[in-house]
Amino acid sequence: MLRRCLNRLLGRDERRATSRTIYVGHRPCHEAEVFIPPKFCDNRIVSSKYTVWNFLPKNLFEQFRRIANFYFLIIFLVQVIVDTPTSPVTSGLPLFFVITVTAIKQGYEDWLRHKADNEVNKYLVTVLEDGKEIKTESEKIKVGDVVEVEEDETFPCDLILLKSSREDETCFVTTASLDGESNHKTHYTVPEMDKDLRSLRATIECEEPQPDLYKFVGRMDIYMDNQEPARRSLGPENLLLKGATLKNTQKIFGVAVYSGMETKMALNYQGKSQKRSAVEKSINAFLLVYLCILVSKALICTTLKYVWQTQPGQDEPWYNQKTRKDKDGNQYLKMFTDFLSFMVLFNFIIPVSMYVTVEMQKFLGSFFIAWDRDFFDPEIQEGALVNTSDLNEELGQALLFSHSSDHLAAVEYVFTDKTGTLTQNNMEFIECCIDGFQYKNKEPSYTERSSEVDGVDVTDGPVNQLQQKAGMDKEELFLRALCLCHTVQVKEQADQVDGHGGDQVDGGLGPEGFIASSPDEVALVMGAKKYGFTFLGMQSNTMRVMNRDKEVEAYQLLHVLNFDPVRRRMSVIVKSASGQIMLFCKGADSSIFPRVRQQEVDRIRMHVERNATEGYRTLCVAYKLLKNDEYDIVDAELREARLSLQDREDKLLKVYNQVETDMSLIGATAVEDRLQEEAAETMEALQGAGIKVWVLTGDKMETAKSTCYACRLFQRGTELLELTVRTLEDGERKREERLYELLQDYHKKAVQDAPPVRAGVTRNWSSSNQDYGFIIDGATLSLVLNSSTDSNSSSYKNLFLQICQNCTSVLCCRMAPLQKAQIVKLVKNSKGSPITLSIGDGANDVSMILEAHVGIGVKGKEGRQAVRNSDYAIPKLKHLKKLLLAHGHLYYVRIAHLVQYFFYKNLCFILPQFLFQFFCGYSQQPLYDAAYLTMYNICFTSMPILAYSLVEQHICMEVLQENAGLYRDIAKNAMLRWGPFLYWTLLGVYHGLLFFFGVRLLFSNSALQDNGQVFGNWSYGTIVFTILVFTVTLKLALDTRYWTWVNHFVIWGSLAFYTFFSFFWGGIIWPFLQQQRLYFVFANMLSSVVTWLVIILLILLSLLPEILLQLLRKPRGPHSRQKNPLVQPAVGVNLYPMSQARPLLMKADESNTIL
Amino acid sequence: MMASGYNAKEEDGHPAGVTVHGVGGPVTVKNKKPDNTAFKQQRLPAWQPILTAGTVLPAFFVIGLIFIPIGIGLFVTSKNIKEFEIDYTGVDMSSPCFNCSQNYIWNSTTPCTCSVPFTLDQPFENNVFMYYGLSNFYQNHRRYVKSRDDSQLNGDLSSLKNPSKECEPYRTSNDKPIAPCGAIANSLFNDTLGLYYIDPNGSRTAIPLVRKGIAWWTDKHVKFRNPGGNDNLTVAFQATTKPVNWRKPVYELDPSDSDNNGFINEDFIVWMRTAALPTFRKLYRIIQKKPNNLSPTLPLGQYVLDVTYNYPVRSFEGRKRMILSTISWMGGKNPFLGIAYITVGSVCFFLGIVLLVIHHKYGNRNNSADIPH
């Protein structure tokens, strides 16, 4: 209690501490009482942001809240207010355009959201009100309403189940859209309560809403007339969650406890987080640097201006008098406006066009993903999808379209869902082994397993080459066991499933015909069916099985010894028509083998082990005959145990263990949750690329583990470090102590004892050093994350992270959706803030998809939520490889180059203008003509870099795909770190200095023509500008490794356009211009031979270091080449440690040789 | 463009149970398979050039071989250009123009004149170009550069009567529009320079100075136009007044030649092309070579520069110079370019050699390493 108070004081756990009271049907508990209905939020789901009224102000506010927009707005306003060297139109027009387009786009998106919200909120539901059924809109449901839900409808809010149409007071739901588990779950009505809902008087007291799907604590007080209220406790089994779907139950009644945005679904639906890619972060950092450069430039100029003006006669010489207005102004105000003017003059260093170009590149570039035919899946007739919509619209910098293609590069962690992503979520009975003989399933889709002959029970021949079948009776016994030993239900009312008409094609029931809590069981029953034994269903405790001779056998089900994870087996006791009492047991090999006769074990163990290594889930089947008197004892013991009130579980376990002994092993089964196509190859490629793969699943640990083995995430040599409830409960001590001990232990093992691993090297295939795999489950994770004391919590987290970072793969099972996101967040915010990628297919993955830097949706079976919330959607997991290794790599190189180049070209654009201030009395005189100032970024130099950033392939896509190691070259944002940035900046400074002072030296004698006439300041600027445009364009040409016709067109086209434009611009007296500054300046310039010579000289001199550098990088090449000579398409998997320091030159070279 | 982002939402409507590979049902799903174009599949045919030593080394040598001769040519040319410069500001007491520079009064009716003697050590051949040079004069100051009205100068009548606001504070005077308006025009360089050759016997010979051909052809013939043609300028400029610092109105700049008067006066046009740097020179006169071409245009000997000292520069620490220069194909004297070309050419050549050595060393090892594979 004290602790709770403390928690509350410390601000933790604030909501959960309180509880709410709900009056069922809004009826007071006692007639006499005055009923004051408590206030809860309504059942409206709101995802839209704007209304008609607040759209304009709110949208404008949001847009100008972005730093970039605000910056340009300020620049624009300064230009309007202050007398600045450039016209306000130059910056106002682009800004206006950008703002308008963004507003229209966001308005449209919000309209779509409104539509979607309305669809949900206006959905008609039935509410019991004063005993009458009233149809009302979903949004009008209030907490306390009794709601009726019919089969296949989704629950409109979180309900406590009061009444079900099923006799056994249960209902089935599927929570596929919540946690991705598509199986049916049983929920129970509140026990022992009056079934007449009209007269029911009850209150429910339950905790305030919290996002954990699997937790619910409450109690219900039922008031009878003049009696003490009867108290029932409520748990998650009574709670029906909004978003889940009612299955196999005609209708239910429930009372709403949480509504609208307070439902567990809404709480789990995380707000779209602000995703910033590494590139954007880099851009921001660079921007800051450039902003500093800009401000310091302006400051320097302002200061120097006033220093200079103190010299006599400089401020206002007789030839250059100020206007009256200028003279009268306040000195400090003038200083400030001077500062602003300088800012405006140099503001081209951060141009709007950069944002537009970056956004254009991101937007257009992402089309290549959607266009890629390799991503096309013929099965669903769809290709990849890029969600360019509002995912990142709140992003600080994004102006036009926001998108995160550049995220795809430099991914360090991949978080993948298991069910439906790694696996197809499609259990399939692969083979069985009866009495030591292997039986392989025959199925059309398995035609590649060629050795099969037509027939029902084909034997593939036992592995030991004995062409001998198990006896007929053994076979049938085994199949009967499969048909009987389960908790599968047959979907009732076969005629009602018209929605699934396709299931009935071959006269039997399709997979949807069976309902079970585990898909494995369905697979087994289906498997038995394939071999001729069909489970027909239960009829009042009688299981009916149709055997091979189409006869229906009936078995009376006496007892079900339920599955539990400790025993890891389940059994049924049935009585056949002939009166035989049999026990069938199936379970994990480790739990069955000790309980059967040893001589039988050896024959089967081999099969089981082989199957397990192939990644199948294996179960062993055993049976035993019970004599009547034996059964009587068992029966009595079971009943007694069941009815006991204390230690019921322990007692049951004891009886179970007693019964399940001395069985005889009949066989084993192998079920495959089929992996997605090329899942293992994809995972291997990812690991080869230096990416760590974490599997986050809501599934059971065993299942998940076997999938990991199948995907080769865990290898045979991998040592598993397990941190689950099971390992925690080993000792007598408190869980936390044990947890700490285990964490320390593992940490020692995986982190301290491990040899220091070089960064970038991940899996070592020669297995010289130990691989570690880490397994943790949801309960333990929450223990790690929400440890009771703060100091522990952070140290646990650190230990946990460090262990995980040293493991090749991490498996997190039994995760709630939000926990998945928590994990992603934990890693995302860990040291070095690595780039994370989440891939999933179900609604349960949405939160982690949104949390990670890159969210990828697989167009799977579990609805469209994941796809809708993802940044990219791909049809199959295997496409992830190309998406990351080829597209991601190329994108990254492209956008990184784009960003660096943009900063560079604007630096060397503005630097001469800055230097010119030293020669023009710090008067803010622009060096270039206004047309050049505006067009530089828009027309003259923007197209080549845009084209480059769209089509450049410094390495062929095939090569990239085949050599996963190349991905490591761009790991950790390699091209946008401070090193490269410094290089580009220095290059820009060098160029700027060269341009200005080169021409300055030329102008020491401004008589440059052979007729003795002189050039003026506009000629000066035009010469500098010409050199500038040619240099930056040719610099890009030097960097281009992949010259398509597009590149040729835009590069040479830009230069030609510049020349043409300059002639044209200077060729006419433009009536709308106040000053004909450039009239014939360009033509005159070209008529001067020395100008030509200077232009050529300076361009060459600027590019010389670049050429040299590209050449000098080469000598490093041979060494890396010696180590990995193979960069050929023929090379299969990328087992070759690719070099990380290969020069671009080499790559182009090698890709050339391939062609 | 944006529609593609919403595909997913539209497709939400599909019933969940649709089996795509349904038995026998020729499911006509609209073909969304992406087009197989080279562009969309990023398989455009491409040229993938590489800068290898093999391609760059020859280029270096070629650049070296081309640049060094050009540089030498430029250097020699520049060296052969004769240039003579004399400062006549009159800062020193000893300077003949000291008095003029000291007692400067605007609008003085009697112009101050001074004569600066100088000696040419070598004869100037061919056409000799006479420049005046100003120092510490900020023709490139923003307030100054924009203080002009190009449409007025282009002969626009409405601008003549109503000059642009940019001309402030040189826009109107006594409520009459100034023509030409603006600070640039107002500060027109108005020293008159005359050149005399002093014969060994002591007699002064005036050297003929040509005042045309000193402005850009396009400026003179297109950009600058007199309002209402070149005739009768007095009428054309009737409603206007002269710039405050001028001694005579614009239509009296060169009354002797109607083709060089008013806005199209070449001295004026040259002045109006603002200089790039605070120290600049502007073409003043051309001394044409003698027709018979037997004697040099300016033989060596004694000369006198006659200055009508009108232009004050002492107030802003300025300097005035007179420059005589011959001109070659590369324009005036400028040794920088020749040196730069020689340097760059040599550097390229040198780098070529260095790289050749490096390439030779590493290239061999590279090849041998590749052979075993």
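Proteins come first, then strands; the chains are lettered A, B, ... in the order of their sequence lines, and each starts at number 1.
- The CG atom of Asn1017(A) lies 8.5 Å from the CZ atom of Arg273(B); values are rounded to the nearest 0.5 Å.
- When Ala1083(A), Ala1007(A), Cys920(A), Gly1016(A) are compared by the number of non-hydrogen pairs under 4.5 Å with chain B, Cys920(A) comes out ahead.
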Please step through side-chain contact (heavy atoms from CB on, under 4.5 Å) for the pair Phe60(B) and Leu1108(A), ending with a clear verdict. CA-CA 10 Å; Phe60(B) 272 7; Leu1108(A) 271 181; 3.9 Å; yes

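- Atom OG1 of Thr274(B) sits about 7.5 Å away from atom CD of Gln925(A), to the nearest 0.5 Å.
- Interface residue Phe67(B): only side-chain heavy atoms are found under 4.5 Å from chain A.
- How far CG of Asn1005(A) is from CG of Asn334(B): 6.0 Å, rounded to the nearest 0.5 Å.
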Given Trp217(B) and Phe1080(A), is the side-chain contact (heavy atoms from CB on, under 4.5 Å) satisfied, shown in steps? CA-CA 10 Å; Trp217(B) 190 91; Phe1080(A) 261 77; over 6 Å; no

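- Listed here is the closest heavy atom pair of Gly921(A) and Tyr138(B): N-CE2, 3.3 Å.
- For the set Asp374(A), Thr323(A), Asp377(A), the entry with the most heavy-atom pairs within less than 4.5 Å of chain B is Thr323(A).
- Heavy-atom distances place no part of Ala384(A) under 4.5 Å from chain B, backbone and side chain included.
- The two residues Pro34(B) and Trp371(A) have their closest heavy-atom pair at CB-O, 3.0 Å.
- Within the 4.5 angstrom heavy-atom criterion, no atom of Ser1088(A) approaches chain B.
- Among Gln139(B), Arg314(B), Lys146(B), Lys282(B), the residue making the largest number of heavy-atom pairs under 4.5 Å with chain A is Lys146(B).
- Panel note: side chain Tyr170(B), backbone Gln321(A); a donor-acceptor pair is recorded below 3.5 Å.
- Interatomic distance, Tyr341(B) OH to Leu1093(A) CG, rounded to the nearest 0.5 Å: 4.0 Å.
- With a 4.5 Å cut-off on non-hydrogen atoms, Leu927(A) does not touch chain B at all.
- At a 4.5 Å heavy-atom cutoff, the contact between Ile70(B) and chain A is made by side-chain atoms alone.
- The parts of Asn320(A) that come within reach of chain B are both its backbone and its side chain, each placing non-hydrogen atoms under 4.5 angstrom from that chain.
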Start with the C-alpha distance between Asp150(B) and Trp1070(A), add both sets of side-chain angles, then the distance that settles side-chain contact (heavy atoms from CB on, under 4.5 Å), and finish with yes or no. CA-CA 11 Å; Asp150(B) 275 348; Trp1070(A) 295 97; over 6 Å; no

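- Contacts of Thr1040(A) with chain B are made by backbone atoms alone, with heavy-atom separations under 4.5 Å and no side-chain atom involved.
- Residue Gln314(A) touches chain B through its side chain alone, counting heavy-atom pairs closer than 4.5 Å.
- Val951(A) touches chain B through its side chain: at least one heavy atom from C-beta onward sits under 4.5 Å away, while N, CA, C and O do not.
- Closest of all the heavy-atom pairs between Phe916(A) and Ala276(B) is CE1-O, 3.4 Å.
- A donor-acceptor pair under 3.5 Å links the side-chain atoms of Gln953(A) to the main chain of Gln42(B), judged by distance alone.
- Asn136(B) touches chain A through backbone and side chain together, each having a heavy atom under 4.5 Å away.
- Between Pro169(B) and Arg324(A), the closest side-chain pair of non-hydrogen atoms is not below 4.5 Å.
- Of the residues considered (Arg148(B), Glu317(B), Arg171(B)), Arg148(B) shows the highest number of contacts with chain A, using heavy-atom pairs under 4.5 Å.
- At a 4.5 Å heavy-atom cutoff, Ala38(B) makes no contact with chain A through either its backbone or its side chain.
- Proximity to chain A (any heavy atom under 4.5 Å) is restricted, for Ser328(B), to the backbone atoms N, CA, C and O.
- Both the backbone and the side chain of Val145(B) come within contact range of chain A, each with at least one heavy atom under 4.5 Å from a heavy atom of that chain.
- Only the side chain of Ile63(B) comes within contact range of chain A, with at least one heavy atom under 4.5 Å from a heavy atom of that chain.
- Atom CZ of Arg143(B) is separated from atom OH of Tyr319(A) by 9.5 Å, given to the nearest 0.5 angstrom.
- Ring centers of Phe280(B) and Phe1015(A): at least 6.0 Å apart, outside the cut-off.
- In the displayed structure, Gln311(A) atom CD is contacted under 6.0 Å by more than 12 heavy atoms of other residues, nucleotides or ligands.
- Only the side chain of Leu355(B) comes within contact range of chain A, with at least one heavy atom under 4.5 Å from a heavy atom of that chain.
- Highest contact tally toward chain B, considering only Leu1097(A), Ile1096(A), Leu890(A), Val1090(A), is held by Leu1097(A) [criterion: heavy-atom pairs under 4.5 Å].
- Contact annotation for Phe375(A): neither backbone nor side-chain heavy atoms come within less than 4.5 Å of a heavy atom of chain B.
- Contact annotation for Ala275(B): only backbone heavy atoms (N, CA, C, O) come within less than 4.5 Å of a heavy atom of chain A.
- Contact annotation for Phe129(B): only side-chain heavy atoms (C-beta onward) come within less than 4.5 Å of a heavy atom of chain A.
- Heavy atoms closer than 4.5 Å to chain B are found nowhere in Asn1047(A), neither backbone nor side chain.
- Annotation: the span from Asp149(B) atom CG to Gln1074(A) atom CD amounts to 7.5 Å, rounded to 0.5 Å.
- Summarising the geometry of Arg281(B) relative to Ser1006(A), their closest heavy-atom pair is O-OG, 3.9 Å, with the distance given to 0.1 Å.
- Heavy-atom minimum distance, Leu1100(A) versus Cys348(B): CD2-SG, 4.3 Å.
- Counting non-hydrogen atoms of other residues, nucleotides and ligands closer than 6.0 Å to NZ of Lys115(A) gives a total of 12 or fewer.
- Looking at Leu1002(A), the atoms closer than 4.5 Å to chain B (heavy atoms on both sides) sit in the backbone and in the side chain alike.
- For Ile214(B), the part sitting under 4.5 Å from any heavy atom of chain A is the backbone (N, CA, C, O) and nothing else.
- For Arg43(B), the parts lying under 4.5 angstrom from a heavy atom of chain A are both the backbone and the side chain.
- Heavy atoms only, all atoms of each residue included: Ala46(B) and Thr1044(A) are closest at CB-CG2, 3.8 Å.
- Only the side chain of Leu74(B) comes within contact range of chain A, with at least one heavy atom under 4.5 Å from a heavy atom of that chain.
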Does the side-chain contact (heavy atoms from CB on, under 4.5 Å) test come out yes or no for Asn140(B) and Tyr1020(A), once each step is laid out? CA-CA 11 Å; Asn140(B) 56 8; Tyr1020(A) 193 109; over 6 Å; no

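- Contacts between Pro45(B) and chain A at a heavy-atom distance below 4.5 Å involve the backbone alone (N, CA, C, O).
- Neither the backbone nor the side chain of Val999(A) comes within contact range of chain B; no heavy atoms are under 4.5 Å apart.
- Screening Trp1043(A), Trp1045(A), Tyr1042(A) for a ring pair (Phe, Tyr, Trp, His ring centres under 6.0 Å) with Trp47(B), the sole residue that qualifies is Trp1043(A).
- The neighbour count for Glu316(A) CD, taken as heavy atoms of other residues, nucleotides or ligands under 6.0 Å away, is above 12.
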